[in-house]
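Reviewing the structure listed below.
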Amino acid sequence: MRIAIALSKNDDQKVYPGPFGHAPRFAIYEVEGGGKVSLLEVRENPYAAMEGGRKHELMRELLKDVDLRVGARFGHGGSMGAFPMADRLEVGPVSVAEALEKVRAR
């Protein structure tokens with residue numbers, strides 16, 4: 001399974017504390033059976049500052065190769081956002097290590 005974790009702006013070890021789509025970048029991991037996790041890349045989010053319009057469509061395209069999106073929170077004011085509930089995991093403003101543990105426990 002491939003996952004994207006929303007990363008803080010200046011700290012690769014912290015989950016971005018705001019809405020997933022506003023994260024400046026994403027750590028893309030491969031999670032294999034047995035819990036082995038490998039970092040594949042850190043992907044910039046060129047749509048982080050964008051509001052409304054085509055943002056959901058562009059975010060889906062940016063992360064089309066990802067099975068699960070992991071972030072502190074998703075959406076604004078009850079918005080379902082760009083990704084269905086089954087394709088995302090809300091973990092709160094935790095460390096990346098803690099977020100990965102929550103993925104493994106799923």
Side-chain angles (χ1 to χ4, degrees):
M1 169 175 63
R2 198 172 272 202
I3 66 170
I5 298 181
L7 288 180
S8 283
K9 186 174 186 174
N10 298 315
D11 188 347
D12 287 348
Q13 301 307 310
K14 298 276 187 199
V15 173
Y16 179 73
F20 181 83
H22 292 280
R25 55 211 173 107
F26 301 101
I28 310 298
Y29 288 91
E30 184 71 38
V31 180
E32 299 175 26
K36 182 180 180 210
V37 177
S38 303
L39 177 64
L40 301 177
E41 68 174 298
V42 174
R43 190 176 297 172
E44 296 296 318
N45 180 7
Y47 315 114
M50 188 176 194
E51 296 285 344
R54 295 184 52 224
K55 182 169 184 168
H56 288 174
E57 175 186 344
L58 295 167
M59 289 296 298
R60 283 189 295 272
E61 180 64 23
L62 176 68
L63 298 173
K64 68 182 175 186
D65 60 332
V66 173
D67 303 303
L68 180 67
R69 289 93 187 154
V70 179
R73 62 190 182 96
F74 288 81
H76 291 284
S79 166
M80 285 300 293
F83 306 106
M85 294 293 288
D87 297 340
R88 62 192 202 191
L89 177 62
E90 196 167 286
V91 296
V94 298
S95 70
V96 169
E98 290 171 295
L100 288 170
E101 283 304 315
K102 290 183 180 197
V103 169
R104 285 187 192 101
R106 228 174 146 228

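Bear in mind that the values here come from a model prediction, so they are computed numbers and not experimental data.
The salt bridge (charged side-chain N to carboxylate O under 4.0 Å, His left out) contacts involving residues 14-29 comprise Asp12-Arg25, where partners must be two or more places apart or lie in separate chains.
Side-chain N or O atoms of Lys9 include none that pairs as donor or acceptor with a backbone N or O of Pro24 at under 3.5 Å. In terms of modelled atom types and a separation under 3.5 Å, the side chain of Asp67 and the main chain of Met1 share no donor-acceptor contact. In this structure a side-chain-to-backbone donor-acceptor pair under 3.5 Å is present from Arg43 to Leu62.
Smallest separation of non-hydrogen atoms from Gly71 and Ala6: CA-CB, 4.4 Å. Shortest non-hydrogen contact noted between Pro17 and Ser8 is CD-OG, 3.8 Å. Contact detail for Glu30 and Arg2: the closest heavy-atom pair is OE1-NE, 3.4 Å. Between Gly92 and Val15, the shortest heavy-atom distance links the atoms O-CG1, 4.1 Å.
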**OP:** With side-chain contact (heavy atoms from CB on, under 4.5 Å) as the test, would you mind laying out the steps for Val96 and Asp11 before giving the verdict?
**Re:** CA-CA 10 Å; Val96 169; Asp11 188 347; over 6 Å; no
**OP:** Go through the steps for Phe20 and Phe26 under the test ring pair (Phe, Tyr, Trp, His ring centres under 6.0 Å), then give the verdict.
**Re:** CA-CA 9 Å; Phe20 181 83; Phe26 301 101; 4.8 Å; yes
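Following chains of ILVMFWY side-chain contacts shorter than 4.5 Å, one cannot reach Val31 starting from Val66, and the two form parts of different hydrophobic clusters. Following chains of ILVMFWY side-chain contacts shorter than 4.5 Å, one can reach Phe74 starting from Met50, so the two form part of one hydrophobic cluster. Transitive grouping of hydrophobic side chains (ILVMFWY, heavy atoms separated by less than 4.5 Å) brings Val42 and Ile5 into a common cluster. Hydrophobic clustering places Ile3 together with Val91 (ILVMFWY residues linked when any side-chain heavy atoms are closer than 4.5 Å, directly or through intermediates). Transitive grouping of hydrophobic side chains (ILVMFWY, heavy atoms separated by less than 4.5 Å) keeps Leu40 and Leu68 in distinct clusters.
If you take NZ on Lys55 and OH on Tyr47, they are separated by 11.0 Å, rounding to the nearest 0.5 Å. To the nearest 0.5 Å, atoms CG (Leu7) and CD (Gln13) are separated by 8.5 Å.
Counting heavy atoms from C-beta outward, Met59 and Asn45 have side chains that approach closer than 4.5 Å. Residues Val70 and Lys102 have side chains not in contact (no heavy-atom distance under 4.5 Å, counting atoms from C-beta outward). Side-chain contact between Arg104 and Val37 is present, with heavy atoms from C-beta onward closer than 4.5 Å. Between Val94 and Glu101 there is no side-chain heavy-atom pair separated by less than 4.5 Å.
In this view, Tyr29 satisfies the ring-ring contact (aromatic ring centres under 6.0 Å, His included) rule with no residue, not counting sequence neighbours. Listed by chain and residue number, nothing satisfies the side chain to side chain donor-acceptor pair (under 3.5 Å) test with Glu44 (two or more places apart in sequence, or in another chain).
Using a 4.0 Å cut-off between charged side-chain N and carboxylate O, Arg60 and Glu57 make no salt bridge.
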